[in-house]
Amino acid sequence: MIDQAVELIRKSSYSIALTGAGISTPSGIPDFRSHESGLWNNADAMQVASLSGFRYNPLGFYTWIRPFADLIKNALPNPAHFALATLEDLGMLQAVITQNIDMLHVDAGNRNVYEVHGHLRQMTCINCFKEYDSEPILKKFFENKEIEVPRCPACGGALKPNVILFGEQLPMQVFIKAQQAVRHADLVLVAGSSLEVHPVADFPVQVRRQGGRVIIVNNERTVQDDIANVVIRGDVAEILPAIVDKLASE
Ligand code: NAD
């Protein structure tokens with residue numbers, strides 16, 4: 001299977017990667033759907049992580065997200081992220097589209113990254129829409145023992161990290177660029193995504209429909225395994241470096 005994936009990537013002229021939470025679990029950040037992570041086990045998670053939930057009860061959101069954000073703060077890219085960075089350096093990967101908010105693809109060295117579900121670099125006031133760099137605000141947030149809602153220095157409104165919550169539109173400019181990459185793609189390498197979150201989950205279907213190839217690397221079955229040309233079941237932190245090592249040594 002690895003050899004087949006290598007062959008498809010070698011033959012492609014415009015390949016993209018589509019990544020989900022599973023590419024960052026080897027960096028210590030749990031995905032949402034695996035049962036043991038706990039992030040989704042809280043019955044209210046869907047409500048807490050929604051835009052309306054945030055507006056109604058920002059403290060509930062910050063209480064829920066604090067342990068998750070703490071893991072992201074301390075996480076480093078793992079061999080799967082570095083493999084994709086090497087692939088881009090080799091000229092064999094044109095873009096990474098990620099659903100992750102952890103910024104680890106950029107940290108690993110990928111340059112053409114579309115973070116379609118947002119990121120934690122900035123925060124926006126939900127009242128006056130002023131934007132701020134997150135770093136000093138989150139530093140203070142984590143120093144406080146008591147959980148406090150970060151507030152806008154200008155108007156006192158609650159600050160929301162620039163991550164996309166349920167019920168919120170995707171960042172338009174980034175999403176359009178991601179769509180353009182998908183339109184050009186003759187291969188998509190999906191890594192660590194259940195492919196259950198739309199509209200991003202439509203991308204492999206679109207690549208297939210326009211005659212391109214789909215490779216899925218995931219440790220469990222995904223809903224799109226049937227449309228893939230190659231499915232590799234295993235740990236992304238082992239499989240992606242194995243694929244890229246072969247391509248680099250050719
Ligand atoms: P998901 O939780 O739906 O799916 C992750 C998939 O990766 C699962 O099928 C899981 O079995 C698989 N997986 C986990 N670890 C793996 C490994 N080491 N090797 C191979 N496969 C592995 O994630 P999703 O599809 O990205 O959707 C969840 C949503 O939650 C996204 O919208 C994302 O924004 C958000 N999220 C982000 C992060 C992050 O930024 N790191 C973490 C959790 C959730």
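All ligand and atom numbering here is 1-based and tracks the order in the structure. Note that the coordinates shown come from a computational prediction; the quantities given were computed from them, not determined experimentally. The first residue of the sequence shown is numbered 1, and numbering continues consecutively from there.
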Is V217 in polar range of ligand 1, meaning some N or O pair under 3.5 Å apart? no

Atom indices of ligand 1, in the order listed, that fall short of 4.0 Å to a heavy atom of E220: 8 (C), 9 (O), 11 (O)

Are there more than 12 heavy atoms of other residues, nucleotides or ligands under 6.0 Å from atom CD of E135? no

Quick one: does P26 get a heavy atom under 4.0 Å from ligand 1? yes

Checking T222 against D225 for the side chain to side chain donor-acceptor pair (under 3.5 Å) test, could you report, in this order, the C-alpha distance in whole Å, the side-chain angles of both residues, the deciding distance, and whether it holds? CA-CA 6 Å; T222 79; D225 282 4; 2.8 Å; yes

Within the structure, is a non-hydrogen atom of P30 found at a distance of less than 4.0 Å from ligand 1? yes

Under 4.0 Å, counting heavy atoms only: does E196 come that close to any atom of ligand 1? no

Show me which atoms of ligand 1 lie under 4.0 Å from any heavy atom of D235. 17 (C), 18 (N), 19 (N)

Does E7 come within less than 4.0 Å of K11, counting only side-chain N to carboxylate O? yes

T25, portion touching ligand 1 at heavy-atom distance under 4.0 Å: side chain

Please classify the S24 to ligand 1 contact at 4.0 Å (heavy-atom distances, strictly less than): side chain, backbone, both or neither. side chain

Is any side-chain heavy atom of H184 closer than 4.5 Å to one of V182? no

Yes or no: does G234 have any heavy atom under 4.0 Å from an atom of ligand 1? yes

Quick one: which of T222, V116, V163, N218 has a heavy atom closest to atom 12 (C) of ligand 1? N218

Does the side chain of Q99 come within less than 4.5 Å of T19's, by heavy atoms? no

Between Y114 and F203, does the ring centroid distance fall short of 6.0 Å? no

Out of curiosity, does I2 fall in the hydrophobic cluster containing V188 (side-chain heavy atoms, cut-off under 4.5 Å, transitive links)? no

Closest to atom 41 (N) of ligand 1 (heavy atoms only, candidates I101, D31, D102, L195) is D102

Distance col, row F54:CZ vs L59:CG, nearest 0.5 angstrom, shows 10.5 Å

Taking N or O atoms only and a 3.5 Å limit, does I29 qualify as a polar contact for ligand 1? no

N162 side chain to E131 side chain, donor-acceptor N/O pair below 3.5 angstrom: yes

If you measure every N/O of I72 against every N/O of ligand 1, is any gap under 3.5 Å? no

Would you call D3-K246 a salt bridge at under 4.0 Å N-O? yes

Within 4.0 Å of some non-hydrogen atom of G192, the atoms of ligand 1 are 5 (C), 6 (C), 7 (O)

Examine the proximity of ligand 1 to V197 and report which part, side chain or backbone, both or neither, has a heavy atom under 4.0 Å away. side chain

Pair S24-D102, side-chain donor/acceptor within less than 3.5 Å: yes

Please could you name the atoms of ligand 1 that G20 approaches to less than 4.0 Å, counting only its heavy atoms? 26 (O)

Ligand 1 versus H117: contacting region, heavy-atom distance under 4.0 Å: side chain

